Amino acid sequence: MYIGYARVSTDDQNLDLQRDALKASGCERLFEDVMTGAKAERPGLRQALEQLREGDTLVVWRLDRLGRSLKDLIVRTEELKEMGVGLKSLQESIDTTSSGGQLIFHIFGALAEFERNLIRERTHAGLSAARARGRKGGRRKVLDAKQRAHAVELYKARDLTAKEISVLMGISRQTLYHYVEEFSDGP
């Protein structure tokens with residue numbers, strides 16, 4: 001039996017593409033997660049693994065939907081192998097029920113991890129270069145300095161609650177607290 005597993009990282013992303021591909025490949029059951037692959041506990045994957053029996057095949061749209069790293073993918077594949085379960089990745093055309101598929105799996109897994117590491121290195125380099133030019137990361141402030149100072153004055157006067165000030169100024173309470181902290185250190 002083919003059992004499918006689909007995952008997207010955020011609510012903004014859509015599972016339809018993966019669902020359609022898994023159904024077209026012959027999956028009789030589908031399990032899904034909407035969460036980052038960095039999280040170890042994924043309920044949909046856990047349910048899929050619980051359903052698998054010897055002779056079954058776990059089908060994923062792409063390898064990165066299943067594992068967080070090459071090491072994680074290899075460990076997961078070994079666990080499946082011990083259970084007598086195969087792994088099939090549709091995009092990479094990998095089927096670990098054959099020796100050729102196992103070889104290709106290891107090669108693609110290594111390349112995928114290499115690509116993730118390159119992206120991570122480029123991101124860190126870009127952030128470091130921006131910081132060196134004096135650019136701070138994060139979201140721009142909603143209020144200008146004068147408005148922030150006024151919000152802090154209202155907060156310190158204690159005539160209004162933090163919630164009332166937040167509504168009045170069009171900011172969240174957490175943002176108000178950040179402004180209070182900012183002004184307690186400086187101007």
Side-chain angles (χ1 to χ4, degrees), residues 1-131 135 137-140 142 172 174-175:
M1 174 188 309
Y2 279 1
I3 293 181
Y5 174 68
R7 180 184 62 78
V8 290
S9 300
T10 66
D11 289 326
D12 296 342
Q13 296 174 330
N14 193 318
L15 283 163
D16 291 342
L17 173 69
Q18 293 180 55
R19 274 189 206 119
D20 294 344
L22 292 170
K23 287 178 185 173
S25 74
C27 290
E28 296 177 35
R29 295 185 190 148
L30 296 180
F31 297 90
E32 304 169 351
D33 281 318
V34 178
M35 60 181 29
T36 179
K39 292 191 177 184
E41 180 56 32
R42 292 179 267 164
L45 180 57
R46 185 177 29 77
Q47 291 173 336
L49 295 172
E50 289 170 358
Q51 293 292 312
L52 291 165
R53 300 292 176 254
E54 188 172 345
D56 289 346
T57 300
L58 178 63
V59 183
V60 293
W61 186 64
R62 277 184 23 189
L63 289 176
D64 66 351
R65 304 295 85 197
L66 181 62
R68 302 181 327 250
S69 65
L70 175 59
K71 180 181 176 185
D72 189 43
L73 281 170
I74 291 170
V75 168
R76 179 81 61 207
T77 304
E78 288 300 318
E79 289 171 357
L80 294 172
K81 188 176 178 181
E82 288 173 12
M83 294 169 55
V85 172
L87 171 64
K88 184 173 183 177
S89 174
L90 302 177
Q91 288 296 300
E92 291 94 354
S93 299
I94 295 173
D95 186 346
T96 63
T97 58
S98 71
S99 57
Q102 288 180 3
L103 173 65
I104 298 298
F105 164 77
H106 288 289
I107 292 170
F108 275 115
L111 291 173
E113 184 165 349
F114 176 70
E115 180 182 17
R116 280 191 302 273
N117 288 338
L118 281 178
I119 291 168
R120 186 179 304 117
E121 287 172 7
R122 285 186 207 124
T123 302
H124 287 294
L127 290 172
S128 295
R131 278 193 289 277
R135 170 111 164 70
R139 187 180 292 186
R140 295 184 195 274
V142 175
S172 71
Q174 189 61 43
T175 299

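Please read all numbers here as calculations on a predicted model, not as lab measurements. Start at 1 with the first residue, then count along the sequence. Values below: all heavy atoms of this structure, side chains included; hydrogens, waters and symmetry mates excluded.
Between the side chain of Thr97 and the backbone N or O of Gly86, no donor-acceptor pair lies under 3.5 Å. Side-chain N or O atoms of Arg29 include none that pairs as donor or acceptor with a backbone N or O of Ile3 at under 3.5 Å. Remark: side-chain polar atoms of Gln18 are paired, donor with acceptor, to backbone N or O of Arg7 under 3.5 angstrom. Distance alone, capped at 3.5 Å, places no donor-acceptor pair between the Asp56 side chain and the Val85 backbone.
Scanning all heavy atoms of the two residues, the minimum distance from Ala6 to Leu22 falls at CB-CD1, 3.9 Å. For the residue pair Ala21 and Leu90, the shortest heavy atom distance occurs at O-CD1, 3.6 Å. The shortest non-hydrogen separation linking Gly101 to Ser98 is N-OG, 3.0 Å. The minimum heavy-atom distance linking Leu15 with Val8 is given by the pair CD2-CG1, 3.7 Å.
Contacts of Arg131 classified as salt bridge (Lys or Arg N to Asp or Glu O under 4.0 Å), with partners at least two apart in sequence or in another chain: none. Asn117 pairs by the side-chain contact (heavy atoms from CB on, under 4.5 Å) definition with Glu113, Arg120, not counting sequence neighbours. Under the side chain to side chain donor-acceptor pair (under 3.5 Å) criterion, Arg62 pairs with Asp64, sequence neighbours left out.
To the nearest 0.5 Å, the span separating CZ on Phe31 from CG on Leu52 amounts to 8.0 Å. Here Leu58 contributes atom CG and Leu49 contributes atom CG; the two are 6.5 Å apart, rounded to the nearest 0.5 Å. Here CG of Leu63 is found 4.5 Å from CD1 of Ile94. Values are rounded to the nearest 0.5 Å. Taken to the nearest 0.5 Å, the CD atom of Gln51 stands 11.5 Å off from the CD atom of Glu28.
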- Can Lys81 and Thr77 be said to form a side-chain contact (heavy atoms from CB on, under 4.5 Å), step by step? CA-CA 6 Å; Lys81 188 176 178 181; Thr77 304; 5.6 Å; no
- Please walk me through it: do Leu87 and Leu66 pass side-chain contact (heavy atoms from CB on, under 4.5 Å)? CA-CA 10 Å; Leu87 171 64; Leu66 181 62; 3.7 Å; yes
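Environment of CD in Glu50: crowded, with over 12 heavy atoms of neighbouring residues, nucleotides or ligands closer than 6.0 Å. Annotation for Glu115: atom CD does not count as buried by contact number, only 12 or fewer foreign heavy atoms lying within 6.0 Å.
Here Asp20 does not pair with Lys23 in a salt bridge; the nearest charged N to carboxylate O distance is not below 4.0 Å.
In this structure, the side chains of Glu32 and Arg19 come closer than 4.5 Å at one or more pairs of heavy atoms.
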